[in-house]
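Computed from a prediction, not measured in an experiment: that's the story for all the values here. Side-chain atoms are counted along with the backbone in the values below, which use heavy atoms only and exclude waters and symmetry mates. Here is how names work: the chains are called A, B, and so on, in the same order as the sequence lines, proteins then strands, and each is numbered from 1.
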Protein chains: 2
Amino acid sequence: MLSQRAADRTWGGTTLTDRKAARRLRLLEAGVDLLGAPEGPALSVRAVCRHAKLTERYFYESFPDRDELVLAVYEHVAAAARQALVDAVRSSPPDPPALARAAVTAFVELMVDDPRRGRVLLLAPLTDPALSSRGMALLPAFAALIREQLPEDESETDREMTAIGLVGALTHLFSAYLDGTLTVDRDQLVDHCVRLLTRA
Amino acid sequence: MLSQRAADRTWGGTTLTDRKAARRLRLLEAGVDLLGAPEGPALSVRAVCRHAKLTERYFYESFPDRDELVLAVYEHVAAAARQALVDAVRSSPPDPPALARAAVTAFVELMVDDPRRGRVLLLAPLTDPALSSRGMALLPAFAALIREQLPEDESETDREMTAIGLVGALTHLFSAYLDGTLTVDRDQLVDHCVRLLTRA
DNA sequence: AATAACTGACTACGGCCGTTGTCAGATTAG
DNA sequence: CTAATCTGACAACGGCCGTAGTCAGTTATT
């Protein structure tokens, strides 16, 4: 038999690449736990390893340094959110108000279903330098997306300001809803956000 | 002569209480520097002492621990902002639009005149646990103040959401203006904010 | 001159951080 | 069986943190 490469050797029933991928995923999930903790984002290498029940050596097997994990966790959650939004928009009537409602409900449900993700998306970039330093926050991109949708009878700077203000209003409302400051029905929140989006 | 109390003895030309107060003020100012740093709030006891050219012993002479300094710095800046707002409102015609404009311009000028203060008020509470844990952020109070001003033909929850969204929009706009993300004239920013406030 | 208070520079403790390395034991391949 | 590889537990480095203490030297009072 040909000498198989180390990556394909079986150990404990699985191959090395499988185990490595599983460990990476465990680290990612632990990262979501810590970066989306209710008490605020606090992700350290040791803490994430304790949480994932892995050793630091396996951390550096999957990520070159701490900040790369933070970025990967954020991108992990952002990808899920993007997918949820795409799905919601695809299965929705194409008129703008219905689209806005579909998108908002999808996002709110994602946050309610797993508040960690909401906190990672909304709160972590404000706190963690690894996210705020890069343009890694999605909010500017979201603001640009809104700006394109605005009516053209206003000046460019006015549209930029309304877009930024709108993003601020939505994120602030979502954050307040997440941490319990805003006690209100899920549907009321969705209604209000849709109204903000469609009237702007 | 009666033996004067230690606090009133003169040393280096000033009394103990004077020197102590001066040191406290120097620590406060250094705290504003660090808590309002452009790279993000990073206030440690050693750093603030280095900055104020004092020893750690004098830190604990004026503040029981690190968090108390953070709170004091925030309150220091908040008091100045309150004063600026009160002055602006006092010397303004009493109709609501003029009041809104006066308040917004006062706040924007305070931020432009000393961006550290703007960052302390807007950014530090999001980052530093000593501020976010307590209700020490002024934003909820500001939201409540706005809520009372809203028309009464809407439901209570609607007014609460409008107020929270409005605060989010304003803070987001101010933050973007502070860090250069939003490149726009000061007057344009003021106009936009006043429009948001008076049309809500 | 002697006593007391104040000041500045410095050290020390325990803890967490990111990162790297070591070492005994388990599991597989040849 | 032997050798190679994978695993887990742990130590170590330098650094910053909050907090407390020491000690020589300067300045005022008596």
Side-chain angles (χ1 to χ4, degrees), chain A residues 1-24 26-27 30-31 34-35 37 39-73 127-130, chain B residues 1-24 26-27 30-31 34-35 37 39-73 127-130:
Chain A
M1 189 198 286
L2 288 175
S3 78
Q4 49 188 332
R5 307 194 35 210
D8 299 328
R9 277 182 50 179
T10 156
W11 199 95
T14 56
T15 97
L16 168 61
T17 47
D18 283 353
R19 297 191 310 274
K20 181 171 162 179
R23 285 193 288 254
R24 191 189 139 93
R26 277 212 282 163
L27 287 169
L34 296 183
L35 217 57
E39 316 83 21
L43 192 157
S44 75
V45 174
R46 280 189 177 84
V48 83
C49 288
R50 274 195 300 267
H51 213 83
K53 307 203 180 195
L54 289 175
T55 317
E56 290 92 331
R57 197 153 41 85
Y58 294 118
F59 179 91
Y60 294 100
E61 171 198 55
S62 284
F63 303 96
D65 55 31
R66 193 216 91 137
D67 289 10
E68 284 300 320
L69 171 64
V70 173
L71 293 176
V73 167
T127 296
D128 202 293
Chain B
M1 191 198 285
L2 289 174
S3 78
Q4 47 188 335
R5 307 194 34 209
D8 299 329
R9 276 182 50 178
T10 157
W11 200 94
T14 56
T15 96
L16 169 61
T17 47
D18 283 353
R19 295 191 311 273
K20 181 171 163 180
R23 285 192 289 253
R24 191 190 140 94
R26 276 212 281 165
L27 288 169
L34 297 183
L35 217 56
E39 315 83 21
L43 192 157
S44 75
V45 174
R46 279 188 178 85
V48 84
C49 287
R50 273 195 298 267
H51 212 83
K53 308 204 178 192
L54 289 176
T55 318
E56 289 93 332
R57 194 153 43 85
Y58 294 117
F59 179 92
Y60 294 101
E61 172 198 55
S62 284
F63 304 96
D65 55 31
R66 193 216 92 136
D67 288 9
E68 284 299 321
L69 172 64
V70 173
L71 293 176
V73 167
T127 295
D128 201 293

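- One finds no side-chain N or O of Arg9(B) lying less than 4.0 angstrom from the OP1 or OP2 phosphate oxygen of dA4(C).
- The shortest non-hydrogen separation linking Asp67(B) to Ala130(B) is CG-CB, 3.6 Å.
- For Thr10(B), counting side-chain heavy atoms from C-beta on, the closest listed nucleotide (dC6(C), dA28(D), dC6(D)) is dA28(D).
- Under a 3.5 Å cut-off, the side chain of Arg19(B) and the backbone N or O of Thr14(B) do form a donor-acceptor pair.
- Using a 4.0 Å heavy-atom criterion, one finds that Leu54(B) contacts no nucleic acid atom at all.
- Atoms OH (Tyr58(B)) and P (dT7(C)) sit 4 Å apart, rounded to a whole Å.
- For the salt bridge (charged side-chain N to carboxylate O under 4.0 Å, His left out) test, residues two or more places apart in sequence or in another chain that qualify with Arg66(B) are Asp128(B).
- The separation between Arg19(A) atom CZ and dC6(D) atom P is 7 Å, rounded to whole Å.
- Residues that satisfy the salt bridge (charged side-chain N to carboxylate O under 4.0 Å, His left out) test with Arg23(A), not counting sequence neighbours, are Glu61(A).
- Across the protein-nucleic acid pair, Glu61(A) atom CD and dT7(D) atom C1' stand 11 Å apart, rounded to whole Å.
- Direction of the helix axis in the helix from dA1(C)-dT30(D) to dA24(C)-dT7(D) shifts by 30° between the two five-pair termini, rounded to 10°.
- Considering only residues two or more places apart in sequence or on other chains, Arg26(A) meets the salt bridge (charged side-chain N to carboxylate O under 4.0 Å, His left out) condition with none of them.
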Contacts under 3.5 angstrom, residues 40-57 of chain B side chains, donor-acceptor by atom type, not counting sequence neighbours:
{"from": "Ser44(B)", "atom 1": "OG", "to": "Ala47(B)", "atom 2": "N", "distance (Å)": "3.1"}
{"from": "His51(B)", "atom 1": "NE2", "to": "Asp33(B)", "atom 2": "OD2", "distance (Å)": "2.9"}

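- Atom-to-atom, NZ of Lys53(A) to P of dT7(D) comes out at 18 Å; the value is rounded to the nearest Å.
- Heavy-atom minimum distance, Ser62(A) versus Arg24(A): OG-CB, 3.4 Å.
- Distance NZ (Lys20(B)) to P (dC6(C)): 10 Å, rounded to an integer number of Å.
- Side chain of Asp65(B) to backbone of Glu68(B): a donor-acceptor contact under 3.5 angstrom is found.
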Starting at the 5' end of nucleotides 11-26 of chain D, put B wherever the base has a protein heavy atom under 4.0 Å, S where only the sugar-phosphate does, and a dash everywhere else. -B----BBB--B----
